Amino acid sequence: MRIRTAAPIALAAATALAGSLLATAAPATAAAHKGGLHFGAIQYDGPGKDDRTNKSLNAEWVNIHNNSKQKVQLKGYQVKDNTGFTYTFGSYTIGAGKTVKLRTGKGKNVSGTVHWNRGSYVWNNTGDKARLIKPNGKLQASCSWGKSTPKNKGLKNCH
């Protein structure tokens, strides 16, 4: 009988101890997600050879993320690089919590993806800075990076 009565007591003690350890353990925290309209990620050096084909040009892109609780009209917003290449959004509404991908090459604009319609690359593989400019000319967001390496694969997470 001692075994039978000792087992529930031991189990209760172990459960209480485990619960108190879990309650006092600090949770792992991730980096805070930026609020509002900002760059999410930038593929500044697309996979494969830079051969200026439309496929290669469209492998270079920037994501703009709307981390707000309301939709945002992007008409007049601009995306710029360090040398002054500029894309200006036409009428495009990005929903709350949604992302739009701006591809460098040519293509049909669809929900979630727009095209710069360029025949040459924008983002430098050796380092550059993307800027998101409001229609009033004020800086909304920016993201910069260094040289593309096998480790970073030419991809910058801007969150």
Side-chain angles (χ1 to χ4, degrees), residues 18 21-159:
L21 289 174
L22 288 174
T24 59
T29 56
H33 191 136
K34 291 182 181 177
L37 199 59
H38 63 276
F39 290 113
I42 299 178
Q43 182 71 60
Y44 59 91
D45 184 8
K49 186 178 179 186
D50 286 349
D51 59 9
R52 284 194 175 194
T53 62
N54 197 52
K55 181 179 178 181
S56 177
L57 290 166
N58 278 326
E60 182 182 86
W61 48 262
V62 300
N63 278 348
I64 299 169
H65 184 70
N66 178 8
N67 194 29
S68 75
K69 294 181 180 181
Q70 37 187 303
K71 62 186 177 181
V72 175
Q73 174 55 251
L74 294 179
K75 186 174 186 175
Y77 275 81
Q78 296 182 325
V79 175
K80 292 184 176 188
D81 78 334
N82 272 344
T83 60
F85 290 125
T86 304
Y87 174 83
T88 303
F89 276 91
S91 183
Y92 187 92
T93 301
I94 182 171
K98 300 294 183 182
T99 299
V100 61
K101 182 172 285 187
L102 170 59
R103 294 187 179 273
T104 299
K106 297 174 183 173
K108 182 179 178 183
N109 293 345
V110 295
S111 179
T113 304
V114 295
H115 293 82
W116 203 313
N117 291 317
R118 290 186 50 84
S120 60
Y121 301 97
V122 173
W123 310 112
N124 295 325
N125 297 348
T126 55
D128 209 338
K129 183 174 185 177
R131 292 168 186 82
L132 181 62
I133 311 294
K134 294 179 178 184
N136 65 9
K138 292 188 178 185
L139 181 68
Q140 172 71 34
S142 67
C143 183
S144 58
W145 57 90
K147 185 177 181 181
S148 176
T149 66
K151 184 177 179 180
N152 67 31
K153 298 178 182 171
L155 179 66
K156 172 68 177 188
N157 183 348
C158 304
H159 283 288

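Keep in mind the model is a prediction, meaning the values are calculated, not measured. Hydrogens, waters and symmetry mates play no part in the numbers below; they use all other heavy atoms, side chains included.
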> Any chance the side chains of T126 and N124 put a donor and an acceptor closer than 3.5 Å?
Replying inline: no
> Any idea which heavy atoms bring P135 and K75 closest together, and the distance?
Replying inline: CG-O, 3.5 Å
> How are the rings of Y44 and W145 set to each other: parallel, tilted or perpendicular (split at 30° and 60°)?
Replying inline: parallel
> How many angstroms lie between atom CG of N117 and atom NZ of K108, to the nearest 0.5 angstrom?
Replying inline: 13.5 Å
>> Please find the pair of heavy atoms, one from A41 and one from L155, that lie closest to each other, and give the distance.
In response: CB-CD1, 4.4 Å
> Distance from L57 atom CG to D50 atom CG, nearest 0.5 Å?
Replying inline: 8.5 Å
> Any side-chain heavy atom of F39 sitting closer than 4.5 Å to one from K156?
Replying inline: no
> For the atom pair NZ (K101) and NE2 (H115), what is the distance rounded to the nearest 0.5 Å?
Replying inline: 10.0 Å
> Measuring from T93:OG1 to Q70:CD, what's the distance to the nearest 0.5 Å?
Replying inline: 12.5 Å
> Do L37 and I94 touch side chain to side chain, with heavy atoms closer than 4.5 Å?
Replying inline: yes
>> Tell me whether S68 contacts the main-chain N or O of N66 through its side chain, where contact means a donor paired with an acceptor under 3.5 Å.
In response: no
> In Å and rounded to the nearest 0.5 Å, what is the CZ to CG distance from F89 to L102?
Replying inline: 5.5 Å
> If every non-hydrogen atom of Y121 is compared with every non-hydrogen atom of K49, which pair is closest and at what distance?
Replying inline: OH-O, 4.5 Å
> More than 12 foreign heavy atoms under 6.0 Å from NZ of K98: is that the case here?
Replying inline: no
> Would I64 and V79 satisfy side chain to side chain contact (heavy atoms under 4.5 Å, CB included), going step by step from the backbone distance to the final call?
Replying inline: CA-CA 10 Å; I64 299 169; V79 175; 3.8 Å; yes
> Hey, does the side chain of Q78 reach the backbone of R131 with a donor-acceptor pair shorter than 3.5 angstrom?
Replying inline: no
> Would a distance-only check, ignoring hydrogens and angles, find a side-chain to backbone donor-acceptor pair under 3.5 Å from D45 to N125?
Replying inline: no
> Would you say Q73's side chain and Y92's backbone share a donor-acceptor pair under 3.5 angstrom?
Replying inline: yes
> What closest approach, in Å, do H159 and N157 show between heavy atoms, and which atom pair accounts for it?
Replying inline: N-OD1, 3.0 Å
> Looking at CD of Q140 and CD1 of I133, how far apart are the two atoms once the value is rounded to the nearest 0.5 Å?
Replying inline: 9.5 Å
>> Looking only at side-chain N and O atoms, does Y87 offer a donor or acceptor that is under 3.5 Å from a partner on T104?
In response: no
> Please walk me through it: do C158 and H38 pass side chain to side chain contact (heavy atoms under 4.5 Å, CB included)?
Replying inline: CA-CA 8 Å; C158 304; H38 63 276; over 6 Å; no
> Is the backbone of W123 close enough, under 3.5 Å, to the side chain of D81 for a donor and an acceptor to pair up by distance?
Replying inline: no
>> Looking at every non-hydrogen atom in both residues, tell me the closest pair between C143 and I42 and how far apart they are.
In response: CB-CD1, 4.0 Å
>> Working note: K134 + Y77, criterion side chain to side chain contact (heavy atoms under 4.5 Å, CB included); need CA distance, chi angles, decisive distance, verdict.
In response: CA-CA 5 Å; K134 294 179 178 184; Y77 275 81; 3.9 Å; yes
>> Quick one: does any side-chain atom of N63 pair with a main-chain N or O of Q43 as donor and acceptor, under 3.5 Å?
In response: no
